[in-house]
Amino acid sequence: MTTLTKPDPASAPGGSQAGGGPFLSVRDLYVRFATEDGVVKAVDGLSFDLERGQTLGIVGESGSGKSVTNLAILGLHNPRNTTITGEIMLDGQELTGATQRQLEKLRGNKMAMVFQDSLTALSPYYTVGRQIAEPFMKHTGASKREARQRAIEMLAKVGIPQPETRVDDFPHQFSGGMRQRAMIALALVCDPELLIADEPTTALDVTVQAQILDLLKDLQQETGTAIILITHDLGVIANTADDVVVMYAGRAVERGTVRDILKTPEHPYAWGLLGSIPRLSADVNVPLAPIPGSPPSLLNPPSGCPFHPRCEFTGEVGGDRCSAERPALPAGRGSACHLTAEQKQTIFTEQIKPRLR
Ligand code: SF4
């Protein structure tokens, strides 16, 4: 059963969102799934804010809790096996207490999602135009004719050539890049104020990926939509996000502006993510450096810092502190790691940066 309860406001970093607070405020979010093998702790005390017209990048490997977080915002979990605690406020409206009916009204209207796999997300049985027109009719009461016209407008807006004829095509008649554009048209048809894009470019080649990210940015400038961009790839957020939350094992482990995260990352996990981005200037004979080990089981997460089984810097902290004591994430810019600020800076400059060239 889905349960949503209010957290202690004192534990919320970044202050209260009451009375003119952030457009989206997530506070102390916990998401648990009951499975046959036990309880999966998918999200473990996550807090962040997002303002209108801004893009928040949520970055992490699969299983880090980033997609689960956004499904919780959209109210898309299976209520039979999911427990959610925490507070999610969207434009002053508390989603935590919202009924399924209220959430349904908000989805597609005030908030919308672009999924990773457009071939699965779009129905093969209906034309692209009909799939864009239907939510518009449902949420605005527009006629069929008006909704078709709106679908054509939206296809034109996302750069589909000859939208008057392509509106009657089925998804399989579109290329991968065009389908992703159509998904964006579908998500934006009711002018949502919050758009959640979950790995929107993963299945696309690099050129089309850049075009889709540019499109999202242009549309945001035009409409002022707030965007959450979920990705495993720090390269994707480089030219797109304003702020970034790095997630590991269901927790935020680092938070900062996109410049902070790309230029002066502090957390050893963020260093690992940065090291795994392909660089044009890199020597082609030097292989990419994946992060050693695998993400932990969320049925039974590691004690202390969840990254400690994969971290090469536990010795710098000393003793068993990394495996025994959970590091806290400070409010504002910062990282959840026991290394001192000086150690983080020295290690990054002397050991990590040379590996990134
Ligand atoms: Fe590594 Fe310890 Fe920092 Fe965790 S707290 S990231 S294990 S150094």
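Whatever order the structure lists ligands and atoms in, that order sets their numbers, starting from 1.
- Put simply, CG on Leu74 and CD1 on Ile196 are 4.0 Å apart, with the number rounded to the nearest 0.5 Å.
- Near His267, with a cut-off below 4.0 Å to any heavy atom, the atoms of ligand 1 are 6 (S).
- Protein N/O/S atoms found under 2.8 Å from atom 2 (Fe) of ligand 1, listed by chain and residue number: Cys322 SG.
- Taking CE from Met154 and CD1 from Ile160, the interatomic distance works out to 11.0 Å, rounded to the nearest 0.5 Å.
- Pairs passing the side-chain hydrogen bond (donor to acceptor under 3.5 Å, both in side chains) check and including a residue from residues 156-165, sequence neighbours excluded, read Lys157-Glu222.
- The local environment of CD in Gln345 is sparse, with at most 12 non-hydrogen atoms from other residues, nucleotides or ligands closer than 6.0 Å.
- Residues Tyr248 and His267 place their aromatic rings such that the two centres sit no closer than 6.0 Å.
- Between Asp191 and Lys110, none of the side-chain N atoms (NZ, or NE/NH1/NH2) sits under 4.0 Å from a carboxylate O, so this pair counts as no salt bridge.
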